[in-house]
Amino acid sequence: MDEAFVSAGNDARAQARAEGLVREYQTKLARYLRRMVGDADVALDLTQEVFLSAYRMLRADPQRQLTGGWLYRAATNGAISFLRRKKILRMLPLERELDRGDWRVDERTAASVDLQTALGRLPPEQSAALLLTSYAGYSSYEAAQLLGTTSDAVRQRVCRAMRALRTVMKEGMER
Amino acid sequence: MTTGVDCTRAEILAGTLALGEASESDRDAYRRHLAGCPRCLVNLGGEREIERVMAVVAEARNAERWEPRLRAPAQNPPAQWRRAWSWAAALAAVAILSFAGQRLAEQRHGGSAGAGHALVVVHNVVTLPSARDERSIAAIGTQSAPKAEQRAESLAMTPAGSANRDVMPIGGDAAIVPHPPVTAYAQDADGTTAIEVMVDQYGRPLKCTIAESSGSPVLDESVCRAAMRVRYTPRRVDGHAVMGTYRDAFTFRSNPGN
């Protein structure tokens with residue numbers, strides 16, 4: 001069989017499968033990443049990067065099974081490297097992020113603001129543990145597989161994330 | 001430690017409880033540890049406290065409405081094109097903003113003849129009751145005394161008279177400062193926006209609804225944004241903080257001199 005013909009067929013299949021992944025996961029991943037980095041534009045860029053990697057991987061190996069877990073792992077790694085590179089972003093006050101129109105009016109509940117403030121104070125690994133379990137719906141075991149750690153470590157990170165959120169809630173009540 | 005588990009294990013148990021993965025023996029171990037460790041009781045909180053905190057996470061998750069639409073991966077332009085477009089867009093935005101800024105500065109200084117439109121926010125202004133406005137005042141319910149039958153309908157959650165203001169922004173009415181976008185100036189927007197903000201027992205705004213629209217969605221949105229950004233003193237019933245509703249109105253006038 002002609003090599004170019006095979007390659008074109010692979011491309012079409014990869015594209016179709018990547019489109020399926022985009023349809024199913026784009027909203028979930030973008031919301032997860034927006035919470036991780038606190039910025040909608042950056043979240044969109046990172047989401048796009050995740051799907052691009054998935055597409056390249058499928059084009060190279062059409063038989064490869066890419067699950068939601070793979071996408072979340074890639075998204076988490078992307079967010080963590082972004083936050084490490086741009087530590088200064090964590091020092092920006094939250095209100096400025098919210099003022100930029102990243103969050104719609106009806107999303108801007110006190111709970112949402114409290115959660116984002118708490119996430120902004122946490123190391124990215126703890127944010128990821130809380131969001132993968134409570135936001136994305138993975139169990140501590142599954143989240144541990146995605147983060148390359150143990151279930152107990154995930155539970156401990158969730159506990160610490162919860163403590164940060166409690167502190168933010170208390171501060172809100174005292175203001 | 002005489003409580004069976006150490007504090008690190010207690011953290012793990014708290015996480016297990018938070019994720020709804022705890023067995024009955026996990027719960028017992030956690031309770032026993034808290035009973036003998038006041039520091040963990042303060043730092044980690046009891047089971048109810050964990051539930052309360054996780055409810056906030058769930059509430060934030062349920063409030064998410066963002067649904068971005070990405071292009072299919074193969075349709076993405078190369079990164080260098082995207083960067084070039086970003087630069088072009090940024091330059092265009094700077095040009096537009098500097099032009100808009102100049103126009104605004106001219107308007108504020110009364111510089112250009114015939115361009116005397118400056119949008120100001122007049123806080124808590126309620127227009128005189130025409131047939132239409134009676135309804136809006138009843139909905140606002142805080143700045144004037146509406147008729148008794150209207151009050152019964154519109155102020156069901158609050159007592160009459162000055163006690164209507166039992167839910168107040170911390171810092172007073174002036175704490176809510178809407179910032180309408182520049183487009184509102186360009187559209188010469190005008191009108192009164194009346195809002196109702198649902199405030200929980202902790203003084204946090206839960207939801208902002210437009211009771212009366214100014215007719216301009218950008219003005220309405222700017223008021224709700226501002227109202228959701230402040231904290232409130234919660235309503236109190238018999239000394240207990242309960243949920244309440246804060247009502248307020250903002251009048252925007254372009255041409256304040258007229």
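To find a chain, count down the sequence lines: A is the first, B the second, and so on, and within it residues start at 1.
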Least distance between heavy atoms, A/V158 atom then B/A18 atom: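 Nearest heavy atoms, A/V158 then B/A18: CG1-CB, 4.1 Å.
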Nearest atoms (heavy-atom pairs only) where B/A14 meets A/M162: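 Looking at all heavy atoms of both residues, the closest pair is O-CE, 4.1 Å.
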Side-chain donor or acceptor of A/R166 paired with backbone N/O of B/N43 under 3.5 Å: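 Pair found, side chain donor or acceptor close to backbone of B/N43.
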Can you tell which part of [X] gets under 4.5 Å to a heavy atom of chain B, answering side chain, backbone, both or neither?
X	result
A/L21	neither
A/S139	both
A/R56	neither

From [X] [atom1] over to [Y] [atom2], what is the distance, rounded to the nearest 0.5 angstrom?
X	Y	atom1	atom2	result
B/E64	A/K28	CD	NZ	13.5 Å
A/R31	B/E67	CZ	CD	5.5 Å
B/R52	A/L165	CZ	CG	9.0 Å
A/R160	B/E11	CZ	CD	4.0 Å
A/D114	B/E59	CG	CD	9.0 Å
B/R9	A/D152	CZ	CG	5.0 Å

For chain A, the option from B/G45, B/A58, B/A10 that forms the most heavy-atom pairs under 4.5 Å: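 Sorted descending by pairs with chain A, the first entry is B/G45.
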Against chain A, label [X] side chain, backbone, both or neither, depending on which of its atoms sit under 4.5 Å from a heavy atom there.
X	result
B/V42	backbone
B/E21	side chain
B/L44	both

From CA spacing to verdict: side-chain contact (heavy atoms from CB on, under 4.5 Å), B/Y202, A/M169: CA-CA 9 Å; B/Y202 306 110; A/M169 287 161 66; over 6 Å; no
Note, B/R61 side chain near A/L131 side chain (heavy atom, < 4.5 Å):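 SC-SC contact between B/R61 and A/L131 ruled out.
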Heavy-atom side-chain proximity of A/C159 to B/I12 below 4.5 angstrom: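 No - every pair of side-chain heavy atoms lies 4.5 Å or more apart.
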Selection from A/L44, A/T47, A/V154 maximising heavy-atom pairs under 4.5 Å formed with chain B: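 Sorted descending by pairs with chain B, the first entry is A/L44.
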